[in-house]
Structures are given as structure tokens and as C-alpha cells.
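Encoded as C-alpha cells, the structure appears first; notes follow it.
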Amino acid sequence: FHSLVTSKVFSHPPGCDGMLVATLNLTSRLRVSIQHRTCSTVSFLFSPPLNPSRLAEWQSRGVPMVDLREPEEYRTHHLAGSTNIPLTQLAERWWELPPRRSEISLIMPKNAPQKDTISRINMLAEEYEINNIFRDSEDVWDSAKALDALVEDSDHSLRIWQPSPCLAGSIEKIENLRLSSGVPSAGVCIDLACGSARDGLFLAERGWKSLNIDQHLQHLELVKKSASFHNVSDLVDVMQLNLEKEVHELAKLEKVDLVNVSRFLHRPVFPYIKELLKPGGFVVYHTFMETSPKPTRTKYKLRHGELANYFKSPEFEIVDDKIFVISDGRDTSWFVARKLL
């Protein structure tokens, strides 16, 4: 936002007896609220028109552009390098946004925001530094066309969410090892305590068939919807299971090529991981180390060398075993081991 004011009150649009109050601070974070909720439409503070020079600046800085229009509008035309998450799906697809406190820019639908979407914009403002908000208008698309950054008749959307760093940094090595053994690069995987299943969906996008296991039904419903959004429903399955109370149920599952665990630790799961893997299968384990200040309970933190001592020769060969410091400064494991033939 270009204004240096810290707050501004906008008069209500015609036919509306409500008032929209937008509060800005110098970090460009937006606060909006409806004082009277009888208004059917609201006015909004948008950034200055997007001209070619400002678009070039955005491109050079690499700030994610989240296009909040509906998929049909996005498919017609959009900025190269933008990401489509419709405003109407924002709550369900929140996990697809970049890490909290990141800078983002937004493209709003022409008729937004209505009063029922104000809370969604507030949610974004609480978690992100909103760099710019642009309206779906001709100046945006004319500027994009002038810089050869306009994409038409395509629904390609840049993925700005990331799987666990351990999985993302290891998957090519794993797939190459599989290929060198004479099997396809992608196989069948299980993601334990999957949460929103970024890892399982990441693997599905690479052709893996993934079973995503979590105790929370709401997480699994989100996973199924996310798989549909990303056109990988045929490769993604879910299973509700409390791994701390029903870990024995894992023994009933068929053997797989990869078991992935991210930010979860329940040591009674370890022997089941061994049994779940086919010969030549991989375990990828990424969670907090004992040197990490959080979580505070030691039972949820790995001891140094613990995984290497469990998944060891002659049953396993260690592919990678190191400490990885995540963005908030906490130590995590980066552990990959392969079950020997």
C-alpha cells in the first residue's frame, strides 16, 4: 500500500447504511471490519493501478501473487507466475499459501469483497504481509501483456506451498535409486500423521499413489478436497487412525515403497514402519530434535542418533542422516533409510 496514513474511514456506498473501516499500518498489513452489517456491498482500498514498471518490480522481487478469482476467470487470463486460490475456497485451501509472515500480493474478483468475504481478507492480513491488492481490471492485463507476462486459455497455477524440506530434498535421490534398481521412479507410499497432507499430495503430483493417515476426520476431508483441486484424486486415499492408540492397525496394511513421517513422533510406530516397507523401500523421517526448544515434552523429540540406531544394518542402509534447521530456528531430523533386499 502506498499510503502513509495509519487509518482511514471510507464512506458507505449508495444504498448501504453500513461503514467499512480499513486500518493500515506501515508494514502494509490490512485490517478491515464492518461496523454495521446491513450493507450488501462494500468499498475497498486497492493499490494504485498496476503499470508495467510496477509489474516488473513485482516480478523481480518474487512476491507470490495469489489470484482470488474463480477458476473460470483465471483460466481466461492471468499473470504468469500467479497462483489461483478462489476467495470462495480460501478457508479450505489455506494450507496452499506460503509460510506465515511471508509477503503476498492479491488479485481480487471484480465484485469482491462482499461483506461475507471481509473475514477472509482479515484472516490473510493476520497471517501475511499483504504487499498489494489489485482489482481484476484492464490495467492489470494490459500491463501483463506489455511485459509478455499475460497467460491466456490456461489453468496452470504456480504451487507456492512446500512439502517437508526433508522429503522435497530427498525425493529425486529416492526416485533415481528406484530407477537404478529397475523399478519405476514412483511407487506406493504412506504418509503417517499427514495433517493437511502436503507431503502426500506432493508425492501424488509426482505419480506416487499415496495413503494419507491421520486421526482427525476434518484433516482427511480436506485432503480429499485438495486432491480434487489438484487433479490427483485417483492417486490419493485417506484412512482415519489414531496412531497413538491404534498403531496395531498398521499391521493390516499392504507393504509399500515409501513411508513418510513429518513432525510426528510416537516410538511404538517404528517397528510397524519396518514391516510396512517392501524390500528396497524407503523411510523418510522429519521431526523435531532434542535440541529444539519446542515441542517442550521430550517424548515428542528425537534423540541424536536414535533413528540411525533403529533403522540400521543389516536390515537398512542409511541414505541421509543430518540435522536441518527450519526457518524458525528449530533443529529437525533429515533422515532417509532404505530397506535392504
Side-chain angles (χ1 to χ4, degrees), residues 25-31 60-66 83 85 93-105 122-131 158-174 191-203 212 214-216 219 222 243-244 258-267 269-270 273 282-311 318-337:
N25 61 30
L26 297 183
T27 62
S28 301
R29 192 170 295 170
L30 177 70
R31 303 280 190 272
S60 66
R61 293 185 61 204
V63 175
M65 180 72 77
V66 182
T83 300
I85 304 178
R93 299 176 63 180
W94 191 267
W95 64 271
E96 295 184 44
L97 293 168
R100 294 174 60 190
R101 307 308 175 201
S102 301
E103 282 189 63
I104 59 173
S105 295
N122 264 331
M123 287 169 57
L124 283 171
E126 289 293 331
E127 302 292 338
Y128 295 94
E129 300 293 340
I130 300 180
N131 183 274
L158 182 69
R159 175 168 62 81
I160 53 177
W161 57 270
Q162 297 295 328
S164 81
C166 180
L167 180 63
S170 303
I171 192 60
E172 286 192 14
K173 181 185 292 186
I174 289 171
D191 188 8
L192 295 176
C194 67
S196 59
R198 287 184 180 91
D199 291 352
L201 290 165
F202 168 75
L203 288 167
N212 302 273
D214 201 273
Q215 66 172 317
H216 299 294
H219 288 172
L222 177 62
L243 291 170
E244 295 189 356
L258 187 153
V259 174
N260 179 73
V261 188
S262 181
R263 300 197 179 196
F264 173 79
L265 181 60
H266 181 57
R267 290 174 175 86
V269 172
F270 289 0
I273 294 176
F282 294 83
V283 54
V284 178
Y285 216 117
H286 171 72
T287 198
F288 299 105
M289 299 299 300
E290 59 185 349
T291 49
S292 175
K294 292 183 179 181
T296 56
R297 299 179 69 180
T298 56
K299 75 173 187 176
Y300 295 129
K301 296 190 281 189
L302 280 170
R303 297 182 291 272
H304 284 279
E306 182 175 2
L307 292 174
N309 287 332
Y310 192 85
F311 298 98
I318 296 175
V319 178
D320 271 316
D321 183 16
K322 58 188 177 183
I323 303 300
F324 180 79
V325 181
I326 58 176
S327 59
D328 63 9
R330 288 183 288 175
D331 291 342
T332 63
S333 62
W334 182 305
F335 183 84
V336 182

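All values derive from a computational prediction rather than experimental measurement.
Considering only residues two or more places apart in sequence or on other chains, N260 meets the side chain to side chain donor-acceptor pair (under 3.5 Å) condition with D191, D199. Applying the salt bridge (charged side-chain N to carboxylate O under 4.0 Å, His left out) test to R159 and every residue at least two apart in sequence or in another chain returns E205. Shown here are the side chain to side chain contact (heavy atoms under 4.5 Å, CB included) partners of A168, two or more places apart in sequence or in another chain: P163. A search for salt bridge (charged side-chain N to carboxylate O under 4.0 Å, His left out) contacts involving E96 returns R93, not counting sequence neighbours. Every salt bridge (charged side-chain N to carboxylate O under 4.0 Å, His left out) that E103 has, sequence neighbours left out, goes to R61. With sequence neighbours left out, W95 forms a side chain to side chain donor-acceptor pair (under 3.5 Å) with S226. Not counting sequence neighbours, the partners of Y310 by the ring pair (Phe, Tyr, Trp, His ring centres under 6.0 Å) test are F270. Residues meeting the ring pair (Phe, Tyr, Trp, His ring centres under 6.0 Å) test with H216, sequence neighbours left out: H219. Under the rule for a side chain to side chain donor-acceptor pair (under 3.5 Å), R297 has no partner lying at least two apart in sequence or in another chain. Remark: F324 pairs with W334 by the ring pair (Phe, Tyr, Trp, His ring centres under 6.0 Å) rule, at least two apart or across chains. Looking at residues two or more places apart in sequence or on another chain, you find a salt bridge (charged side-chain N to carboxylate O under 4.0 Å, His left out) between D328 and R330.
For the atom pair CD1 of I318 and CG of L307, the computed distance is 8.5 Å after rounding to the nearest 0.5 Å. Note: S164 OG to H286 NE2 = 5.0 Å, rounded to the nearest 0.5 Å. Once rounded to the nearest 0.5 Å, the distance linking CG of N212 with CG of L192 reads 9.5 Å. If you take OG on S105 and CD1 on I130, they are separated by 9.5 Å, rounding to the nearest 0.5 Å. Between atom CZ of residue R263 and atom CZ of residue F288 there is a gap of 4.0 Å, rounded to the nearest 0.5 Å.
Between V319 and K173, the closest side-chain pair of non-hydrogen atoms falls below 4.5 Å. Using a 4.5 Å cut-off on side-chain heavy atoms (C-beta onward), I85 and W94 make no contact. Contact check for V283 versus L258: no side-chain heavy atoms found under the 4.5 Å cut-off. You'll find the side chain of E306 stays beyond 4.5 Å of the side chain of N309, heavy atoms only. Looking only at side-chain heavy atoms (C-beta outward), L124 and L97 come within less than 4.5 Å of each other. Two residues are said to be in side-chain contact when any heavy atoms from C-beta on lie closer than 4.5 Å; S102 and E129 fail this criterion.
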**OP:** May I have the step-by-step check of side-chain contact (heavy atoms from CB on, under 4.5 Å) for E244 and Q215, ending in yes or no?
**Re:** CA-CA 9 Å; E244 295 189 356; Q215 66 172 317; over 6 Å; no

Original post:
Could you go step by step and tell me if W161 and F202 meet the side-chain contact (heavy atoms from CB on, under 4.5 Å) rule?
Top reply: CA-CA 10 Å; W161 57 270; F202 168 75; 4.0 Å; yes

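Tested against S333 for a side chain to side chain contact (heavy atoms under 4.5 Å, CB included), the candidates V261, L265, L302 yield a single pass: L302.
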Return all side-chain donor-acceptor pairs below 3.5 angstrom for residues 289-296, not counting sequence neighbours, or 'none' if the list is empty.
from	atom 1	to	atom 2	distance (Å)
E290	OE2	H304	N	3.2
T291	OG1	D331	OD2	2.6
S292	OG	K294	O	2.6

